Structures are given as structure tokens and as C-alpha cells.
Amino acid sequence: MNAPARLNAQQHDAVTYMDGPCLVLAGAGSGKTRVITQKIAHLIDSGVYEAKNIAALTFTNKAAAEMQERISKLLTEPKQASQLTISTFHSLGVKILRQEAAELNLKDRFSILDSDDCFSLVQDLAVTTDKQTIRRIQGVISLWKNGMVDPVVALKNAVDDEEAQAARIYQNYMATLSAYQAVDFDDLIRLPVELFRSNDKVREKWQRRLRYLLVDEYQDTNTCQYELVKLLVTGAGKKPMFTAVGDDDQAIYAWRGATIENLKTLQDDFSDLKIIRLEQNYRSSTRILQAANAVIKNNPKLFEKTLWSEHGLGEPVEVSSMPDDEQEAEQIVMQLSAHKFERHAKFSDYAILYRGNYQARIFETALRRDNIPYTISGGQSFFARSEIRDIISYLRLIANLDDDPAFIRAVTTPRRGVGQSTLETLGAFAGQWQCSLFEAVFKGGIEAKLAPRQLTPLREFCDFINQIEERASRPGASGKGENAAALLDELMHEIAYEAYLYDNFDERTAKTKWQNVLEFTNWLKDKSKGGKHEDGPEKNLLELTQMVALMTMLEGRDQEPDAVHLSTLHAAKGLEFPHVFLVGVEEGILPHLGDPDTPAEQLATRIQEERRLMYVGITRAQRTLHISWCKKRKRGREIVQCEPSRFIEEMKLDEGDAPPKEDEIITPKDRLANLKALLQKPKAA
DNA sequence: ACTCCCGATATTTTT
DNA sequence: TATCGGGAGT
């Protein structure tokens, strides 16, 4: 086992504490992932827990993959690593639902609708056509679900007309989902919670299976997720055993339902909660941490916490004002190049961080002009591309014939003589008989509604899907049906998707789209074989489809080996970079102020979250941090005056950042680095 | 009805 | 820089 010796005292406490519930308040860069992975190893090594009874929950696939990776290296027995449950909340939800579907009147072949599908669902149910409103309604419904508010209560508590309307849509929305035998992302957590609440037997089964729980990024959990954790760890005659790791100062997802309240509640719900603070930062220089601490001090604190570092004072944090946004981009790219040249650094040592996605554009063009490689994190996900969603709709339909949204998409792309009016008639008929669209195609009486020229293509399509479906589920060599990806290849050939692309798009786009499709099918093939873990079980089409629904990025895709990172502050959480440029730090942008007429109290909590965002930004930097703001900025057609963000003042740079004194403690490594920097500076100017 | 063009406009994002 | 919505034109 490597390196328990390298854990500091608090980390050691966190890793070895096994007497009960444990909350680790892990400041930025304090070795959070290390504690989790080491703790898992410790749980196993101590002999108290078996790998198959330990579960670690994360929010993103990326975090889960990284954790799995790191734990695999740590464990002496490679077999143990594959027995662990390391997954996102949502994939655990899928696993539970698939196994317990019968208890919930859900078939195990349920579909998982993504937010786009849900959007169109709400669109169909809503009176308005205004996209903004529909999006708001969708958001409200999601918040209700995550807060475990049912439609009746939502309607009763509605404060205005729109909310009342949303509550009514909410009710229909749930009914529609169950008609489709489909769930949305929120249901993946909510339904297991309801099941565990109502069925002790099932709950105890899962409690026996998951005896020790570790929760990453605990500050980002919403009410529903916390409830799931609570239900899994508390049982009659059972001592709650879990470790939650989080940082209230990095809670930046309140807008999508996360509540830091969950940190406080934890103390109330578990009176013997052991709280451990990790305050030693292994990432940044002291100056950077001072700035971060100074900013976050302005927030009311749940838990007092001050980060410190052994890395020495480091270089001053630089703040510069720019004439306008265009020059900001230009200057920063220039500074970055010079800086890189001076230090013989790599492009990948640099990150440019900003509040809103739209701010990326101007930096992209500036970087491109200078031929500097860059990658943008966030942005449109691979699985959201229309060509991929087209293919997925076929998969979903084959897995679940009741999935009407998938049916509509698949039957109309590529076009095969089924149009809007045919679908409307079919929909009305299906509604009348309370059956799915697919079923309606073969139901007696449909002949009276649809002319043969409308019905024939429908039946041909459904026969075709039926035939694929049958082969996918017929027991084959593996006992799980014919190979999913091979079937998919045949499917692609049959529906002539490539030809469709070239018919409907110009050659260039068609080509890239087709390449995406091929990449996707290849990836699927790989996954159906069990992925890179050769011992992983072979997956059938159903399992693949449900997994795909939870994916956003295709891991290991076109990664520039050496590129500047462009990222929103949100997407940068959990990452670190030697040199960080935090740009557009202006009032109205970094404390982003939405509606000018938001109530004062709401504004206050919003500002607090914005401050945490600033804190996250500052603490991404290891060695140097540049902050910039613009005096003027183009906004649409007009140019607006800007003020520096209040957060710049709050960093208290002038006081804490006096010229370095002789007697200040600097580690040799840092002193050398500083010296080098000083020697090289004159060259740059 | 349906498409095309122009102008206004911009949170954050995972599952 | 895209995207969305409105208005005009087929």
C-alpha cells in the first residue's frame, strides 16, 4: 500500500475513522479524492468491509471514472476494484430501478428521457409556445421533483399564475411519463427514494448490499439525493456508516436544486457525526490562498475554515483593467504567450476562466489568430448532437416500444412517408385507446382512421422494428440476445442513415455527422463487450441504451495534447492549473446579476453563491493568478460601461500583498522559481 | 401554412 | 457567434 505515511494528520483521521457517520470538510485542493480513495482501501484492508459492500457516489461520470482509476491502482487485489460500486447517483438509481422495476409498476425496459425530450413533453402540455417560459416551467418542475414536492402540494403552494400552470403541467407530465414507461433524470433518484420509503424489505436488501457509503461533493446534493443516502444508511438496529466529503464554500449549484442545508441537516440527523476539516492546501501558493480566504470571509459561514499552504508566498496576484473586451482577449493572449515563453511552460499549464459560456468566443478568436491550441470544456455534449440522438431514438424504441418520443423521432428520420398529419391522427387514436403509438399501428380500428398510403409505411416500419427487437432479445450465444452493436450496424444499413445525411446536408457536415455516428457505434461496440475492464459483463441492448442515456461526454475524445483550457467557472470545479487567467471580473458579470428587480433577500443569497464561484475560480490556480476586468464591453449592439467586481476589492490584495519581506518563509523550490521569474522578467517587457 | 431574412440578445450544467 | 422570434413574402 503506498503512502498512508504521506497523509497529514487530518487526512489520516478522515481515512481511518470507521466508528460512525463522518463528514469531511475538504477545502479546495486539500486532497479530497485522495482521502476517499485511501479510505476505500482502508475499509477493505481493515477486513471490516468487503469491496462489494462499499459504494462511492459522485455527480459526474468523469469523477466516477477518475475515482475508479485511482482506486484500481491502490488496491493490491485487482479483482476487488471491480467489485466496488463507484458510480454517479443517477447510475445507482438506474441499477436500483432496473432491479426493482416490478415493485414500482415499471417495466425493466423503461426509457430514460433526457432534458430535450422532457422539454418537448412540457411544450406539448403547455399553453404557451414561448420557449423561455417553457424552459422556466421545466426548471420549476425539476426543482419540485428534486425537492420531493408532489403536484398537489405544488399547486396548493403556487404563488402566481405561472406556477399554478406549471403545477398542472407537472401532473400531466408525470402521467405522460408513466404512459411511456419512461423516467426523467430526476426520477432516477426520486423513485428509489419512494420505493425505499414504502418497502422496508427492498430497502433492507440494498442496505445489506451497500454497507458503507461514501459521498463525493456532498455540498451539491439536493433534497432527494440526501434522502436516498439517508435511507440507505439508516435502518433498525444498524449503526449509520458513511463518509460525506464536501466543501460548503464550493457550493455553486443551488440554482439546480442543491442545498447546503444538507450539510447542516447532517449534524441534526446524525448526532454522533464526526466532523473533520482538511485545511491544508496542496495546490496553491500562499498569496493565492490569502486572496481566496479574504473573499470567502465575506460569506456567512456554516463551518469556519481557513486554508493554508506550505508552498510559500509565491507571486503576487495581478489585477489589470482593460479598455474593452476585445482588447482584454488580445492582451491576455499576448500575456499568456509571453509568460509561457519566459517559463518554458506548456500551453496546457494555462486556463482562461470566465462566468458565462458566451465569453469564450472572443478568446477563441484571439487564440486562433495566434495559432495557440485550445480546448473548451463544457459546450455541447457529444450525445446531444442530432445525429447521435437520431440513432439513440432507434435504440430506445427497440428497448421500449412504448417510448412515444423515440417512436416519433425514429419513424420520421430518415423520412419514410410518415408526416405530421399521419402522426396526429395516430396520436389521437392512441390517446383514445390509452396505448402507445407503436401499439396503435396494429390496433383494430386504425384502418378506419388512416388511408392505406399512410398506414403502409407505418406498418412496414413497425414490422422492421419488431424484427430487430425480437432478435435483440432472443437468447443467443451469450444468452442475452444477438450482439447489440452488430444489430445496430445492420439497422444503420437498413435505414440508410448515411444516404439520408448526404441528402439532407451539405457534403462537409454530412461527412462529419456520419463520422460521429461511426464513432458512436464503435464506442457502443466497445461498451457492449464490457468496456476496457475485460472482466466487465457483456451488456445487452437494453443495458447499453440505459447507460447511454446517462452519458454526456465520450471519454478520451480528440484531446489536444497541449492546449490552453477555456472553461466556465462551473466546469472548472475540481480542476487545477499552474497559471490561471480569470477574466471579465466585473459587476454584473462575476457577481452575475439577473433581473434588476429581484427581491433583496434573494439577491443576497445569489451574491453569496457568486462569491463562492469567485472563490472556486481563485483556488483553481497553483502558481500564478491574473484577474482582469473591462472598462467597456460590447453587449449586443451597444457599448456599456463596466465597473470592477466587488470581489476584486474583497481580495484585499494591497494589504496582504506588500512586497515580499526578507524573513518570510519560502520553500527552496519556490524561491528558485521566484528567482527564475525575476531573472526572466526584464526580457519580456 | 411555410420559409427566409433580419435584428436583437445573451447565466451557470450534469444526469 | 449562434439562435430565436418576428415580419414579410410565396
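The shown structure was predicted, so the numbers you read here are calculated from the model rather than taken from an experiment. Heavy-atom basis, side chains included; hydrogens, waters and symmetry copies ignored. Each chain gets a letter, A, B and so on, in the order the sequences are listed, and its residues count up from 1.
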The side chain of [X] is closest to which nucleotide in this list: [options]?
X: A:W255; options: B:dT13, B:dT11, C:dT1; result: B:dT13
X: A:H90; options: B:dT15, B:dT13, B:dT11; result: B:dT15
X: A:F185; options: B:dT15, B:dT12, C:dG5; result: B:dT15
X: A:D130; options: C:dT1, C:dG5, B:dT13; result: C:dG5
X: A:H570; options: B:dT12, C:dA2, B:dT15; result: B:dT12
X: A:K131; options: C:dG5, B:dT12, B:dT13; result: C:dG5
X: A:R256; options: B:dT15, B:dT13, B:dT11; result: B:dT13
X: A:R361; options: B:dT12, B:dT14, C:dA2; result: C:dA2

Taking only side-chain nitrogens and oxygens of [X], does any of them come within less than 4.0 Å of OP1 or OP2 of [N]?
X: A:N357; N: B:dT13; answer: yes
X: A:N61; N: B:dT15; answer: yes
X: A:T568; N: B:dT11; answer: no

Base B:dT14 to side chain A:S115, donor-acceptor N/O within 3.5 Å cut-off: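 For A:S115, whose side chain was compared with the base of B:dT14, there is no donor-acceptor pair (under 3.5 Å).
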
Between [N] atom [atom2] and [X] atom [atom1], what is the distance in whole Å?
X: A:Q359; N: B:dT11; atom1: CD; atom2: C1'; answer: 9 Å
X: A:L57; N: B:dT15; atom1: CG; atom2: P; answer: 14 Å
X: A:Q132; N: C:dG6; atom1: CD; atom2: C1'; answer: 15 Å
X: A:F119; N: C:dT3; atom1: CZ; atom2: P; answer: 14 Å
X: A:I376; N: C:dA2; atom1: CD1; atom2: P; answer: 11 Å
X: A:Y354; N: B:dT13; atom1: OH; atom2: C1'; answer: 13 Å
X: A:D216; N: B:dT14; atom1: CG; atom2: C1'; answer: 14 Å
X: A:Y358; N: B:dA8; atom1: OH; atom2: P; answer: 19 Å

5' precedence on DNA chain B between A:K62 and A:G356 (nearest-nucleotide basis):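 On the 5' side of the pair lies A:G356.
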
Side-chain heavy-atom pair A:L569, A:L590 within 4.5 angstrom cut-off: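 The answer is yes, as the side chains (C-beta and beyond) meet within the 4.5 Å cut-off.
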
Presence of salt bridge, A:R136 and A:D130, under 4.0 angstrom: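 A salt bridge is absent here (no side-chain N lies under 4.0 Å from a carboxylate O).
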
Residues A:K62 and A:E66 bridged, charged N to O under 4.0 Å: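 No, this pair does not count.
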
Side-chain donor or acceptor of A:Y354 paired with backbone N/O of A:S567 under 3.5 Å: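 Side chain of A:Y354 to backbone of A:S567, a donor-acceptor pair under 3.5 Å: yes, one is there.
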
Qualifying residue for side chain to side chain contact (heavy atoms under 4.5 Å, CB included) with A:D186, from A:V183, A:I189, A:D184: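 With A:D186 as partner, A:V183, A:I189, A:D184 yield a single side chain to side chain contact (heavy atoms under 4.5 Å, CB included), made by A:D184.
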
Donor on one side chain, acceptor on other, A:E217 and A:Q219, under 3.5 Å: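 Short answer, yes.
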
